[in-house]
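First up is the structure itself, then whatever we jot down about it.
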Amino acid sequence: MFLARLIYTSEVVEGFDQLDIESILSVARERNAALNVTGVLFFNSCYFLQCLEGSRSNINAIYHRILNDSRHTNPVLLDYREIAERDFSAWQMGYIAETQKTRDLYRQFSPVSDFNAYRMSGESCYRLLKHMATSAPML
Ligand SMILES: Cc1cc2nc3c(=O)[nH]c(=O)nc-3n(C[C@H](O)[C@H](O)[C@H](O)COP(=O)(O)O)c2cc1C
């Protein structure tokens, strides 16, 4: 089995609300648990930034489902690689909401002050997610 990590960003569609996040997370956590996939999702009301880690075949299967989800648009794959170990093994899908803490953090990783992963390198996105997972509250 090859262990892999995938990071992508996407844009929210109009009409998306907090209930959509809750329903995404509940389905995601159930399915990810069944497939032994872990990861984190950051959402700032405009953009998603998500990391999935698990077996190569399982994270690809989930990513393909996510790509077809009409609750977001313009998905861009930012980073994909095989890894020796997981970074987010404690979370079936940890959720990081935007707070002053996350705003302070992404200023350290991004050339622009408003969060926009389309303008960040895959490596910066990975490092940002790792920082946020350890220092911002995970829901
Ligand atoms: C931003 C975003 C992140 C998502 N993350 C996951 C995830 O980590 N795991 C998952 O199974 N589904 C995730 N989903 C939901 C899938 O797109 C899909 O709705 C779900 O897996 C159910 O698929 P099905 O209708 O084919 O059964 C996510 C959706 C969005 C919009």
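Ligands are counted one by one from 1 in listed order, and the atoms in each one are counted from 1 as well.
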- Message: To the closest 0.5 Å, what do you measure between CG (Asp69) and NE2 (His64)?
- Response: 14.5 Å

- Task: Evaluate the ring-ring contact (aromatic ring centres under 6.0 Å, His included) criterion for residues Phe109 and His131: first the C-alpha distance (whole Å), next the side-chain angles of each, then the deciding distance (0.1 Å), finally the verdict.
- Result: CA-CA 10 Å; Phe109 291 92; His131 270 74; 5.1 Å; yes

- Task: Can you confirm whether something in the protein, heavy atoms only, sits under 4.0 Å from atom 25 (O) of ligand 1?
- Result: no

- Task: Below 4.0 angstrom from a heavy atom of Phe48, which ligand 1 atoms are there? Numbered from 1 as shown, please.
- Result: 1 (C)

- Query: Has ligand 1 got any nitrogen or oxygen that is less than 3.5 angstrom from a nitrogen or oxygen of Arg65?
  - Reply: yes

- Task: Please identify which atoms of ligand 1 are closer than 4.0 Å to at least one heavy atom of Leu52.
- Result: 8 (O)

- Task: For residues Asn60 and Arg56, determine if any side-chain heavy atom of one lies less than 4.5 Å from a side-chain heavy atom of the other.
- Result: yes

- Query: ligand 1 and Gln50, any nitrogen or oxygen pair closer than 3.5 angstrom?
  - Reply: yes

- Message: What I want to find out is whether Arg5 reaches Asp87 closely enough, with some N-O distance under 4.0 Å, to be called a salt bridge.
- Response: yes

- Provide, to 0.1 Å, the distance between atom 29 (C) of ligand 1 and the closest protein heavy atom, together with that atom's residue and name. Asp69 OD2, 3.4 Å

- Task: Mind running ring-ring contact (aromatic ring centres under 6.0 Å, His included) on Phe115 and Phe43 for me, showing each step along the way?
- Result: CA-CA 10 Å; Phe115 174 75; Phe43 176 56; over 10 Å; no

- Measure centre to centre between the rings of Tyr47 and Tyr118, then say whether the value is under 6.0 Å. yes

- Message: How long is the straight-line distance from CG of Leu105 back to CD of Gln100, given to the nearest 0.5 Å?
- Response: 10.5 Å

- How close does the nearest protein non-hydrogen atom get to atom 9 (N) of ligand 1, and which residue and atom is it? Asn32 OD1, 2.8 Å

- Item | atom 7 (C) of ligand 1: nearest protein contact (heavy atom, Å) | Ala28 CB, 3.3 Å

- Task: Distance to 0.1 Å, residue and atom name: give those for the protein heavy atom nearest to atom 14 (N) of ligand 1.
- Result: Ile66 CG1, 3.8 Å

- Item | Numbered atoms of ligand 1 (with element) below 4.0 Å of Val27, judged on heavy atoms | 20 (C), 22 (C)

- Quick one: OH on Tyr8 to SG on Cys125, what's the gap to the nearest 0.5 Å? 12.5 Å

- Item | Tyr8 touching ligand 1 at heavy-atom level, < 4.0 angstrom | yes

- Just go through Glu11, Arg31, Gln92 and tell me whose heavy atom is the nearest to atom 27 (O) of ligand 1. Arg31

- Item | Ile62: numbered ligand 1 atoms lying under 4.0 Å from its heavy atoms | 7 (C), 9 (N), 10 (C)

- Task: Report the nearest protein non-hydrogen atom to atom 28 (C) of ligand 1: residue, atom name, distance rounded to 0.1 Å.
- Result: Ile24 CG2, 3.6 Å

- Query: If you count the atoms of ligand 1 from 1 in the order shown, which ones are under 4.0 Å from a heavy atom of Met93?
  - Reply: 8 (O)

- Item | Close side-chain approach of Ile7 to Gln50, heavy-atom, < 4.5 Å | no

- Query: By number and element, which atoms of ligand 1 are closer than 4.0 Å to a non-hydrogen atom of Arg71?
  - Reply: 15 (C), 19 (O)

- Task: Please check if atom CD in Glu22 has more than 12 non-hydrogen atoms from other residues, nucleotides or ligands closer than 6.0 Å.
- Result: yes

